[in-house]
Chemist: 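Take this structure, written in structure tokens, and hold onto it; I'll ask about it next.
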Amino acid sequence: MPFTAKPRTFNAAINETVLGTGAKAVTLGGQNVLPLYFFDNTPKNAPAVGIEITDTGYDATGLPALAAFYDGAATPAERAKKAASAEGVSFVCLRFEGADPGGLNKSIADCVAVAKDVLNAIDVPLVVAGCKNIEKDAELFSAVAEVCQGKNVLFLSAREEDYKTVGASVGLAYGQKVGAESAVDINLAKQLNVVMTQLGVSAQSIVMNLGAAAAGYGFEYVASTLDRVKAAALEQNDTMLQMPVMTPVSVETWSVKEAIMAEADMPEWGSQEERGIRMETVTASACLASGAESVILRHPASVKTIAAMIAALL
Amino acid sequence: MRLFDRAFTGSDEMFALAEAAVTKTIDKLGADAPVAFGSTAYFLPCIYAYTGRKITKLSELKDVLEPVKGWLTRNYRLNDVFTSGIATVLAAEIIEACKYAENPTPYEEKYHGHMTDAEVRELGVPLVTQDIPGFVVIIDEAPTDAQAQVLIKGYQSRGIFVFLLKGAIDQAERCGIKMGFPVRIVPVGPGIEAVSHIISVVVRAAFIFGNVQPGDWEGFNKYSFERIFAFVNAFGPLENITVGCGAGAIAMGFPVITNDTVDVDVVPKSLIIQTNIDDLIETSLEARDIKIKVSNIDLPVACASAFEGEIIRKADMFCEADGSRKDCFELVRTKELHEVEDHKIELIGQDFDAMEVGCKINLAIIIDIAGKNMQSDFEPVFERKIHNYVNCLEGVMHTGQRDLIRIRVSKSSFEAGFRVKHFGELLYAKMKNDFSQVVDKCQVTLVTEPELVTKLRKEANEIYDKRDARLRSLTDESVECFYTCTLCQSFSPSHVCIVTPERLGLCGAVSWLDAKSTNELQPSGPCQVVTKTKVIDEAKGAYEDVNEAVSTYSHGALDKVTLYSIMEDPMTSCGCFECICGIEPMSNGVIIVNREYAGSTPLGMTFAELASMTGGGVQTPGFMGHGRHFIASKKFMKAEGGIARIVWMPKALKDSVAERLNISAKELYGIDNFTDRIADESISEDPDTLMAYLSEKGHPALEMEPMM
């Protein structure tokens with residue numbers, strides 16, 4: 001008996017959220033099938049891969065390929081330009097590591113200047129990530145959102161503690177996109193979406209950041225949460241969970257021992273850079289398979305691999 | 001003159017001024033001359049908002065006079081006052097627009113005039129987040145300069161943004177008050193028509209933050225009423241034109257509070273007379289439902305969760321309030337709004353300074369709470385938080401509750417300046433901030449006077465007794481709804497607790513009252529209302545509404561549960577259950593084992609082994625996790641015959657529930673000392689000796705229908 005495929009499409013779909021403007025704008029979401037089930041229905045928009053740079057630059061010790069890639073790029077804008085040119089990149093994520101009051105504590109004015117330069121240097125959409133300090137991020141996001149008006153920049157992220165400030169400034173006053181970050185829990189994610197929309201931020205302007213973990217570091221929680229969010233969004237038509245998901249993979253994977261242990265200290269593990277890339281690609285592919293609409297990666301080699309994987313599945 | 005007439009007369013005056021201003025300006029500049037406030041994308045914002053017209057030149061400004069006049073209706077209905085009020089504001093904007101048409105900077109330096117879109121965003125974000133709790137428009141002069149100073153400083157210290165109009169500006173200047181956008185005191189303009197610049201901020205906030213569309217009259221009034229926490233303080237004698245503008249403010253949801261009593265009729269929540277200027281701030285905040293967050297707690301020692309587990313040894317102790325030795329208690333009471341003076345901290349009796357090191361003191365902590373959403377059911381929930389709050393103080397230890405508290409204050413904290421009133425400061429701030437949805441006003445009374453504490457303790461005991469009686473009278477039948485609890489879903493994804501008065505959450509930590517207050521305090525949080533109107537089977541506790549809730553909140557993992565059956569669709573468990581109840585086939589009964597019990601049970605399994613088949617949000621008929629408190633409930637596996645099925649419990653558990661369980665058994669079956677018939681580990685750990693004991697004692701389960 002011949003095999004007859006029975007495509008499973010849902011009457012509900014993931015929201016479409018546009019990042020950036022012009023020819024290279026990226027639309028996240030839109031599909032009405034389970035993650036990567038493209039054999040059930042061609043998705044309206046393919047999952048997007050972003051590349052992460054920081055305002056301070058990476059310490060590329062032990063990562064010769066990464067160092068070579070950014071060789072000669074001295075400023076964040078120059079690094080952004082190189083990053084945007086990497087194969088498979090859909091958007092650039094600028095992480096303000098230097099803004100952290102516990103670290104370099106760069107001034108808001110300096111950060112705004114960097115954001116402006118980066119925005120002017122690239123033609124792909126920009127995602128801005130903060131330094132994880134609640135007060136500083138709120139101030140930073142508001143100031144950067146003001147100078148980026150009309151550019152559809154996504155800010156990562158509004159959290160339970162600061163969603164009002166970030167939602168009101170970034171989402172309402174300056175009309176940008178807001179990341180809603182919660183700690184790997186479907187109910188917290190939904191609650192944050194509910195209160196953000198009650199604040200007045202439109203559901204179409206919200207992208208969820210449900211949190212992440214490197215593969216092997218409690219990733220089961222991430223997978224199960226993503227699974228359940230997609231099930232609720234598609235099977236139960238839960239409009240408060242239909243926002244597309246963006247998972248910042250790189251910050252997780254480049255801080256675990258597999259990625260940071262020098263080859264000299266652990267020769268039997270082989271090349272440090274190879275390990276880091278594998279950690280990043282493995283985690284990213286698992287996130288996409290579980291339900292992320294986009295991932296943020298650091299290494300151009302990882303970006304290339306994941307973009308190729310997506311293209312092969314389409 | 002009646003109030004309506006004053007408002008109408010004022011509106012007409014403003015309109016006449018607007019007409020004259022337009023005519024005069026057109027004569028001077030020509031009908032094609034441009035008109036704009038500058039630095040705004042919203043044209044003449046009030047007119048754009050309420051009429052949808054994009055006015056850019058004087059001829060268009062002239063055309064708008066007609067619709068504005070059309071709103072000056074005179075049918076002596078409330079609605080006429082409101083539309084006239086809005087029309088007055090629009091007329092005021094027309095006058096202001098004429099000034100700006102003639103001169104892009106019509107105001108001398110001390111007045112601010114039009115506010116830019118950037119300023120609206122700057123003010124709008126903290127208004128939306130309520131970092132600025134609201135704003136006040138002060139019109140004309142307070143009776144004395146000193147009163148004006150206290151008033152403005154009072155608003156400023158509460159974070160309220162202040163706009164000044166007319167005489168209020170000169171008065172503030174005389175008082176030497178620093179003004180300007182950065183210090184949040186803005187002198188808008190010398191004439192009442194400058195009020196339109198303030199309304200212009202409001203409508204642009206609605207455009208920017210509320211996405212309200214131009215011309216949507218209702219939309220703007222709704223947005224300002226629901227989201228902009230503004231109010232007006234207008235000092236008498238009020239001019240009619242001010243009354244006309246006031247009608248506009250009221251139409252937008254902003255109450256007007258005045259000290260003028262001549263021809264002013266009080267309209268509750270809208271037009272309020274307060275002749276005592278000292279009370280003006282409180283009256284105003286209450287009228288607009290503005291709650292001020294406490295940002296700085298005045299404490300000489302640190303307060304953080306790091307100190308929560310700190311133990312104060314006797315040698316380090318300065319003094320001790322020990323409820324088992326001396327009369328002490330802590331109590332939260334619900335009061336009416338007028339009975340509570342917000343932030344009043346009162347100490348009756350001696351302070352620590354008059355006490356000797358190492359002494360035992362009497363201490364009563366009484367917290368009075370008033371609020372429109374406050375319910376007496378929340379009292380025990382708030383009261384239980386006192387323990388957490390006080391424990392977080394550096395060098396202070398707190399255990400127990402009600403009249404069995406024990407509080408120790410360390411020598412070092414005393415030396416750092418900690419005194420009795422600081423309990424009040426801490427508890428006031430915490431209650432106001434953590435429960436801001438329901439706590440409008442809060443005062444704390446601290447009593448160390450021994451005789452008074454003894455007297456008050458008796459009164460407190462009556463309140464505790466009443467609460468206990470209320471808890472006992474709370475049955476699943478007597479309430480209108482149950483609540484979900486999904487707190488545990490982060491690690492048990494498909495589990496949902498249905499919390500009822502007689503069946504608390506299986507962790508034992510969430511009672512129906514807890515769930516109810518959680519729902520009130522966190523409306524989109526883990527505890528959601530579950531109605532119970534569609535009964536399927538009352539005996540089993542099966543409801544369609546409950547099934548729908550379970551299906552929704554388990555995200556489809558479960559589609560039905562019964563509340564009172566262990567065999568048919570029993571409620572699932574996350575993993576944090578206090579107890580597990582499991583079927584014991586030989587006796588036709590069930591055994592219950594608590595988490596603390598490490599030994600084996602007559603089922604041949606330990607708690608941990610039973611837990612592995614009960615948790616994880618799956619339904620396992622015959623096994624169920626539950627809270628300790630549920631054991632004595634008349635609803636406990638009611639569908640299978642109730643508590644008469646219990647044949648075995650660890651001794652410690654049996655002892656802890658014996659009193660209530662025996663009462664329930666007496667009421668349900670007329671059995672005295674029912675727990676004597678229940679076996680424990682000292683009697684049996686295997687089915688055969690269990691059966692022998694049950695037969696000897698004539699346990700009722702042996703006579704019951706088989707469960708399977």
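To find a chain, count down the sequence lines: A is the first, B the second, and so on, and within it residues start at 1. This structure is a prediction, so every number in the text was calculated from the model and none was measured.
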Chemist: Is it true that atom CZ of Phe219(A) has more than 12 heavy atoms of other residues, nucleotides or ligands lying nearer than 6.0 Å?
Modeler: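 Yes, because the 6.0 Å sphere around CZ of Phe219(A) holds more than 12 heavy atoms from other groups.
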
Chemist: Closest heavy-atom contact between Gln236(A) and Thr552(B)?
Modeler: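 For Gln236(A) and Thr552(B), the tightest heavy-atom pair comes out as OE1-O, 4.0 Å.
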
Chemist: Would you name the heavy atoms of Val125(B) and Thr165(A) that are closest together and state the gap between them?
Modeler: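 For Val125(B) versus Thr165(A), the nearest heavy atoms are CG1-O, 4.1 Å.
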
Chemist: Take atom CD of Gln149(A) as the centre, draw a 6.0 Å sphere, and report whether it contains more than 12 heavy atoms from other residues, nucleotides or ligands.
Modeler: yes

Chemist: Please determine which of Ile186(A), Asn187(A), Asp185(A) meets the side-chain contact (heavy atoms from CB on, under 4.5 Å) test together with Thr486(B).
Modeler: Asn187(A)

Chemist: Is it the side chain or the backbone of Asp117(B) that comes within 4.5 Å of chain A heavy atoms, both, or neither?
Modeler: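 Looking at Asp117(B), nothing touches chain A.
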
Chemist: Please classify the contact of Ser224(A) with chain B as side chain, backbone, both or neither, using a heavy-atom distance under 4.5 Å.
Modeler: side chain

Chemist: Of all the heavy-atom pairs spanning Ser524(B) and Val194(A), show the shortest one and how long it is.
Modeler: CB-CG1, 3.8 Å

Chemist: Looking at chain A, which one of Gly124(B), Gly556(B), Pro493(B) has the largest number of heavy-atom pairs inside 4.5 Å, strictly under?
Modeler: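 The residue among Gly124(B), Gly556(B), Pro493(B) with the greatest pair count is Pro493(B).
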
Chemist: For Tyr217(A), I'd like to know if atom OH has over 12 heavy atoms of other residues, nucleotides or ligands within 6.0 Å.
Modeler: yes

Chemist: For Leu199(A), which atoms come within 4.5 Å of any heavy atom of chain B: side chain, backbone, both, or neither?
Modeler: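 Both backbone and side chain.
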
Chemist: Please state whether the side chain, the backbone, both or neither of Tyr163(A) comes within less than 4.5 Å of a heavy atom of chain B.
Modeler: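 Contact with chain B involves no heavy atom of Tyr163(A) at all.
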
Chemist: Does Lys293(B), at its NZ atom, have more than 12 non-hydrogen atoms belonging to other residues, nucleotides or ligands within less than 6.0 Å?
Modeler: yes

Chemist: Taking all atoms of both residues into account, what is the closest heavy-atom pair of Arg227(B) and Gln198(A), and its distance?
Modeler: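 That would be NH2-O, 2.5 Å.
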
Chemist: Flag yes if more than 12 heavy atoms outside Lys534(B) fall under 6.0 Å of its NZ atom; otherwise flag no.
Modeler: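 More than 12 heavy atoms, drawn from other residues, nucleotides or ligands, come within 6.0 Å of this atom.
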
Chemist: Please identify, among Lys190(A), Glu235(A), Gln191(A), Glu146(A), the residue contributing the most non-hydrogen atom pairs under 4.5 Å to chain B.
Modeler: Gln191(A)

Chemist: What part of Ala173(A) lies closer than 4.5 angstrom to a heavy atom of chain B: side chain, backbone, both or neither?
Modeler: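 Its backbone and side chain both get close to chain B.
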
Chemist: Tell me whether Phe181(B) at atom CZ has more than 12 heavy atoms from other residues, nucleotides or ligands lying less than 6.0 Å away.
Modeler: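 More than 12 heavy atoms, drawn from other residues, nucleotides or ligands, come within 6.0 Å of this atom.
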
Chemist: Gln522(B) versus chain A, heavy atoms under 4.5 Å apart: side chain, backbone, both or neither?
Modeler: side chain

